[in-house]
Every structure is written in structure tokens, then in C-alpha cells.
Amino acid sequence: MDKFYITTPIYYVNAKPHIGHAYTQVVADSLARYFRLIYRKENVFFLTGTDEHGEKIEEAAAKAGFAKGHEKEFVDSIVDGFKAAWKILGIEHDYFIRTTDPVHKKTVQDYLNKVKEKGDIYLGEYDGYFCKPCETFWTDTQAEGGICPDCKRPVERIKEKNYFFKMSSYAAKLEEYLNDPRNADCVLPGFRKNEVLGYLKDDLRDLCISRPKSRMSWGIELPFDKDYVVYVWFDALINYISALKANNMFDKFWPADVHLLAKDILRHHSVYWPIMLMSMGEKLPKTVFAHGWWKIGGEKISKSKGNSVDPIELSNKYGVDALRYFLVKTVELGMDGVFSEDSLVLTYNTNLANDVGNLLNRTLTMVEKYFEGASPATSDKCADDAQNERSAKLRAEAAMILPYCRKYIVEKNYQICNAVIYAMSVVSSANKYIEASAPWKYSKEGNIEAIKIIMADLLEVLRLVAIALYPVMPATANKMWRQLGLGEDIAKDVKREELLADEQYFSKRTFPAGIKVAKGDPLFPRIQ
RNA sequence: CGCGGGGUGGAGCAGGGGUAGCUCGUGAGGCUCAUAACCUCAAGGUCGGAGGUUCGAUUCCUUCCCCCGCAACCA
């Protein structure tokens, strides 16, 4: 049976979402929507959530006036903000996991016991630099010269007993796994796999997975030592499994098909996580896909530079779908992109307003003008051979829209960007087609058959384009769908077989005759 | 010699041994169905530098220069 399980990272709740978070969400949501169309809704699971433990949160809670022991109330308020943001961006996840959920805690503790029993966890001693005022640990290189890189005050050498996870003993096994041709897609894009293999060449140190409660208590207690809580990754990564367990869906959906994430946390997902899973005795995810970053003015987005962009603000200003379209279409998944409000507006005006919005508008106007707003029934040919040729050419391009969606998204590993670009190229062809065909001339000549063919072709293109754009711009696609007189909701109306069909299927017209179109407001009014 | 990615017309990118391509911008023209939208044509590049392989390299090899990121008990 075909199933699809996609995850985003769980976000640390110490800041509000920026454009990078929004990107991961939008891509994951678009993919989930596409797979729901082809595999049916019940066979797709899209997970997102929040990472809520750790020192930074403990501090932030204290700062916000929450007494020790009341951290949960603090994170609750932040989490609501994340959920609201995703709602505005049209993100339809199947589940929202929080690391403070009881099921998650229990799952983490169960696995800790299992891994401990296996002998992969031991009590050791951490030895390194610590900055007391910042309450932060630093490595030798970070604290070069004995100075805290943050506050520039002197650091001290401290030793602390902690539990460690024996990552080092799995390095060879992981390397073998990564090199196995059967796992060709385990890390994508392909060039990232080399990077991961590179990480393994350095000595893989055992991972410190605990914090003494005396110093930090906001976390999941180690089941085998009350004086410690779990530290970060051994808590966070397990969310991908505990979320399924919370829904009794583990057997159906594990292993994950794609863990989608940004390249900065590639190491955790393609080294730590697979090794944890090996030790835990669970299957490894099929793909860890590391996408790139959005840069602003050539630089990485960072709080310290103050160049962060608020996706919600952009969404309110230009519309969710315009933002979603821009994010998905502008860069190939895996590459870095340059974000600027100007380029967003440019994409909006050119691709959305001038190309697709205008195509719908001008087509529907002509259908109203020439056929009283009803899609014409047509024969395959008219008396003008040149016209027949143009028509055949456009229809051949249109026939590839849905097959290419499948090709790029399923076969070419989630390249939804190329699927969208292809659909838009057919929109552009359709605009040229109107110009070349000049239905207004046929109208003067009285060649009604030719106009019928032209309109039927345009409606066909628009219908297929609406379906192709649906995963990325659900609201807009449905708006197109309604204006075309085809119904209310593409997800409900479109036949699954059609999405799986080949171009042969589309050699016949699939836009029914006699449909009353309902021209509405422009999809995307131009921005001046 | 730490590792990875990249340097292609004004901008952002694609491509890949044999007339260098796309989008935007610029200039000229066309059309009227349309959201001053759409369509056509033109200008604009010795594909980071230097060597080499080849009948021929922007594409392969060597080397150098420059930009970006990673180098984890920060998420």
C-alpha cells in the first residue's frame, strides 16, 4: 500500500517563526497535499510541532515571570503563536507534537531504557569550558584564549558527571548504510550525502545526553537516574516516532518517507538520528532532505543581524498563496535562495497577476462573450489547418502537466518547484496561443468552430493548471476551480486516477462541455 | 593543503565537448479578449584567472583567485 509520512523539524519555542520556518512548512504542506491527492488523505501523515525543553526555555520562562515549575504555562502561550502562524499560512498538518506531551515523554523514556539495557548509554564525565554568567558550555575551539565568545569574560574549566550515548561504536555501521546503493536517497540532495560521509571521517564523539537537575531541570527525567534530565537531541528527535505512537499510527507510517529540514540540522538528522534508531532497534527513515536557506542581502538570516523577515506580515500584505508560490517556485529544493520583498512583488505581478490570473480572466471573458458563459462542445478540427496545428501543439503541452507533477514530485524526489514551473510554462504558451489564434478575427470571419476549439483548449489548460497549482496555492486553485464552474474543492472533486494518468489520457478533452463558468474578481490584482 | 557549495549578458539563475539558454530589466513594434495586462523583434556575455587534454572546451583535467556555509553540550 502506498503511504506517505513527512515531517518538519520541531521548532524551538524561544522566538517567533521567520521566513525560514515558513519555507519548511510550506514545502512540507505542499508535498503533503499532493500526496493526499494521489494516495488519499488517510494514507498521508504530515507532522510538525515544537521543541520545548532546555536551558534557554527555562531562562525565557523565568524572564517572562513564570516561577520555577511553571514553565509549561509559559510554553503553552508561545505554542499557540506557532499554531496560529501555521494556520495563517494554510498549513494543514495531521498532527502537532509537543515535547511536553505525556506520550512523548513516555516514548523517550521507554527508548532510553531500551538503549541503556543494550549497553549504549554510560555514565561519564564532561570536561570542558563553562561560562558562569552565561551558564553556557563551550568547546576548546569556541572558548579560544579562555574567553567566552558571547560575553567575552573568562571561562572556567569544569568537570561534570553526565550520561553519554555510544555514538562512536556505530560509525562504521552508519557509513556502510550510507554507501549502500539501496539507500541511494537516504540523504538528499545527493551532494549532502558526501558531506555526511565527511562528518564520519572525523572522530565521532559520544553524545552527551543528560543535564544534572541541579543545573537544569526543565526536561524529561532519565528513567534510570532521578538526578538528571535528557538533553536536547535524544528528546527532540524521538518526536518523529512518539507522534505516531500518540495516534496509534506507528505501524502504518514508520519509517518516515521524508524528514524535511534545513541544512543546518543535517548532522543531527543524518548522523545522530540514524544511529539512535539503530540502537533503538527501529527502521531508518527513507529520506532526510536538507533544503537550503533564504538569504537576505546575501547573508544568512540571523537575529543578531536583525534581518529576519516575518512571514505572517508578508502573508497579510500579499496573500498567503502568493507567498507560498514564491517560496516554492523560486528555488529548487535543496538550494539557497535570496529573499527580498521586491522579488516577491515581481513574482506576484509577473507570474500570478499577468500570466495565470490574466489568462483566466481573458478566457472567461471570451467564453461569456462568444458562448454565453458555457463551455462549448467541439469537434477536433476546424476549417483552418494552421489553427488545428496550434491547437494540437498546445494540447500536447497541457497533456504533460499532471504527468510531470508526478515525475518531478514522486520520481525526481520532491522537486515540486519544477512541477510548478512546467505548469506555468503552459500558461505562458496559452497566452501566446490566444495571440496567435486571435479568436476575435475568427469572430469577424464567422468561423465559430475555430473559436469553440480555442476556448475548449484554454479551459482545458486552466483546469489542469488549477490542479497542478493546488498543492502550493490551495485557496487560489479552488478559486480558479469555482470560476471555471467545476466545483468547490479540488481535493474532493478531482479524480485520483487522473493524477496518476499518463499523457495519453489527456489526448482527449477532459473539460466537460456545457459547463457554466462564473467569472469573478481577478485572482491577483496587480500591485503597483 | 580541514570539509562542502558556488563564480555564465545590468540582476537572478539553467545548461553542458562542436551556432551559449531562461526569467526580470532595457529599446522598438503589434494586438484588443484581458488585471496599462498580452504577443513579436532587437541590443547586451571571449561562461572567475592561468595552463593542459582534444580537430574543437564555457562544458573534461591541473592549478590559482574570490564569495558563501559547516567544523555541535547553540536550535
Side-chain angles (χ1 to χ4, degrees), chain A residues 9-15 21 51 53-57 126-130 134 136-139 141-142 149-150 160 162 164 189 191-199 201-202 205-211 215-216 231-233 236 261-268 271-272 292-293 295 298-300 303 329-332 334-338 340 342-343 346-347 349-370 418 421 424-425 428 430-441 443 451 454-455 458 519 521-528:
Chain A
I10 49 175
Y11 304 108
Y12 206 54
V13 288
N14 63 347
H21 298 115
D51 182 10
H53 291 128
E55 287 166 81
K56 294 252 165 79
I57 305 294
Y126 173 76
D127 181 1
Y129 290 109
F130 184 68
C134 298
T136 308
F137 281 92
W138 302 105
T139 61
T141 42
Q142 286 171 320
D150 254 12
E160 183 175 284
N162 264 312
F164 288 81
F191 63 82
R192 294 281 174 212
K193 191 191 274 191
N194 297 334
E195 213 171 310
V196 173
L197 286 164
Y199 296 154
K201 275 189 216 134
D202 303 339
R205 276 190 293 170
D206 288 344
L207 191 65
C208 176
I209 58 160
S210 70
R211 280 286 186 276
R215 199 158 58 70
M216 205 284 285
Y231 191 67
V232 196
W233 293 102
L261 40 112
K263 62 185 182 180
D264 53 340
I265 47 173
L266 175 63
R267 181 191 294 258
H268 313 90
V271 178
Y272 302 176
W293 280 333
K295 296 193 200 161
E299 290 187 323
K300 178 183 171 179
K303 283 166 222 154
K329 176 258 172 190
T330 305
V331 292
E332 193 178 309
M335 300 295 130
D336 287 349
V338 177
S340 76
D342 284 350
S343 61
L346 186 68
T347 299
N349 276 337
T350 53
N351 295 8
L352 299 179
N354 298 351
D355 291 349
V356 71
N358 190 38
L359 177 67
L360 178 72
N361 198 17
R362 65 199 298 210
T363 300
L364 295 185
T365 300
M366 288 188 282
V367 172
E368 283 178 350
K369 181 169 177 175
Y370 298 123
N418 295 96
I421 287 172
M424 293 302 285
S425 80
S428 177
N431 274 321
K432 290 178 177 59
Y433 177 68
I434 296 177
E435 205 68 27
S437 302
W440 45 91
K441 281 186 190 155
S443 173
I451 305 178
I454 296 165
M455 292 309 128
L458 295 173
K519 190 177 136 183
D521 295 335
L523 254 27
F524 297 97
R526 266 184 78 83
I527 296 166
Q528 296 311 323

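Predicted model, so just to flag it, every value in this text is computed and none were measured. A note on names: the letters A, B, ... follow the listed sequences, proteins ahead of strands, and every chain is numbered from 1.
Rounding to whole angstrom units, CD1 of residue A:I434 and P of B:C38 are separated by 12 Å. In this structure, the CG atom of A:L364 is 13 Å from the C1' atom of B:U35, given to the nearest Å. Rounded to whole Å, the distance from CD on A:E55 to C1' on B:C74 is 10 Å. Between the P atom of B:A37 and the CZ atom of A:F524 lies a distance of 17 Å, rounded to the nearest Å. What separates CD1 of A:I421 from P of B:C22 is a distance of 15 Å, to the nearest Å. In this structure, A:R267 places its CZ atom 14 Å from C1' of B:A75, rounding to the nearest Å. Between the P atom of B:C38 and the CG atom of A:L352 lies a distance of 12 Å, rounded to the nearest Å. Whole-Å rounding puts the A:K295 NZ to B:G6 P distance at 12 Å.
The nucleotide B:A28 finds its pairing partner in B:U40, both defining distances of the Watson-Crick or G-U wobble pair being shorter than 3.5 Å. Base pairing annotation: B:G21 forms a Watson-Crick or G-U wobble pair with B:C13, both donor-acceptor distances under 3.5 Å. As the counterpart of B:C70, B:G2 is assigned, both hydrogen-bonding distances of the Watson-Crick or G-U wobble pattern falling under 3.5 Å. Under the Watson-Crick or G-U wobble criterion, with both distances below 3.5 Å, B:C47 is left unpaired in every strand shown. Summarising the base pairing, B:U35 is matched to no nucleotide, lacking a Watson-Crick or G-U wobble pair whose two defining distances lie under 3.5 Å.
Within the nucleic acid shown, A:F164 has no heavy atom closer than 4.0 Å to any nucleic acid atom. Heavy atoms of A:L523 sit under 4.0 angstrom from at least one base atom. A:D336 comes within 4.0 angstrom of no nucleic acid atom, judged by non-hydrogen atoms across all strands. Heavy atoms of A:P439 sit nowhere under 4.0 angstrom from any nucleic acid atom. At the heavy-atom level, A:Y370 lies nowhere under 4.0 Å from the strands shown.
Although no hydrogens or angles enter the test, the distance criterion places no donor-acceptor pair under 3.5 Å between the side chain of A:Y433 and the main chain of A:S428. Without hydrogens or angle criteria, A:N349 side chain to A:R526 main chain gives no donor-acceptor distance under 3.5 Å.
Contact between the side-chain N/O atoms of A:R526 and the OP1/OP2 oxygens of B:A37 is found at a separation under 4.0 Å. A close approach under 4.0 Å does occur between a side-chain nitrogen or oxygen of A:Y231 and OP1 or OP2 of B:A75. Taking only side-chain nitrogens and oxygens, A:N354 never comes nearer than 4.0 Å to OP1 or OP2 of B:U35.
Atom name P, nucleotides B:G9 and B:A50: the rounded distance is 16 Å, in whole Å. B:U35 and B:G27 have their C1' atoms separated by 25 Å, with the value rounded to a whole Å. The P atoms of B:A75 and B:U8 are separated by 37 Å, rounded to the nearest whole Å. The separation of B:G17 from B:U54, taken at their C1' atoms, amounts to 9 Å, rounded to a whole angstrom. Spacing between B:G15 and B:G48 at atom P, rounded to whole Å, works out to 15 Å. Nucleotides B:G18 and B:C38 have their C1' atoms positioned 38 Å apart, rounded to a whole Å. One C1' atom belongs to B:U23, the other to B:C3, and the distance between them is 34 Å to the nearest Å. Comparing B:G12 with B:U46, their C1' atoms sit 23 Å apart, to the nearest whole Å.
The aromatic ring of A:W440 sits over the base of B:C33, with ring centres less than 5.5 Å apart and planes tilted by under 30°.
Checked by distance alone, A:H268 brings a side-chain donor or acceptor within 3.5 Å of a matching partner on the base of B:A72. Checked by distance alone, A:N358 brings a side-chain donor or acceptor within 3.5 Å of a matching partner on the base of B:A34. Counting distance only, with no hydrogens placed and no angle test, the side-chain atoms of A:E435 and the base atoms of B:G30 include a donor-acceptor pair under 3.5 Å.
Side-chain proximity of A:L346 to the nucleotides B:C24, B:A71, B:U35 is greatest for B:C24. With B:A72, B:G4, B:U35 as the candidates, the nucleotide lying closest to the side chain of A:E195 is B:G4. Of the candidates B:C31, B:C70, B:C39, the closest approach to any side-chain atom of A:K432 belongs to B:C39. Residue A:T365 places its side chain closer to B:A34 than to any other of B:A34, B:G69, B:G4. For A:K263, the listed nucleotide lying nearest its side chain is B:G69; candidates were B:C33, B:G69, B:C38.
Taking the six-membered ring where tryptophan is involved, the planes of A:W233 and A:H268 are essentially parallel, since the angle between them stays under 30° and well short of 60°.
With respect to the salt-bridge test (charged N to carboxylate O, under 4.0 angstrom), the residues A:K432 and A:E435 do not qualify. With salt bridges taken as basic N to acidic carboxylate O contacts below 4.0 Å, one links A:E55 and A:R215.
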Enumerate, atom names and distances included, each donor-acceptor pair closer than 3.5 Å involving a side-chain atom of residues 358-367 of chain A, sequence neighbours excluded.
| residue | atom | partner | partner atom | Å |
| --- | --- | --- | --- | --- |
| A:R362 | NH1 | A:N431 | OD1 | 2.8 |
| A:T363 | OG1 | A:L359 | O | 2.7 |
| A:T365 | OG1 | A:N361 | O | 2.8 |
| A:T365 | OG1 | A:K519 | NZ | 2.8 |

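Here the closest heavy-atom approach between residue A:G292 and residue A:D336 is recorded as CA-OD1, 3.3 Å. Contact record, A:Y199 with A:L266: OH-CD2, 4.4 Å, taken as the closest heavy-atom pair.
For the pair A:L359 and A:L266, both in contact range of RNA chain B, the more 5′-proximal nearest nucleotide belongs to A:L359. Between A:T350 and A:G337, the residue whose closest nucleotide on RNA chain B is further toward the 5' end is A:G337.
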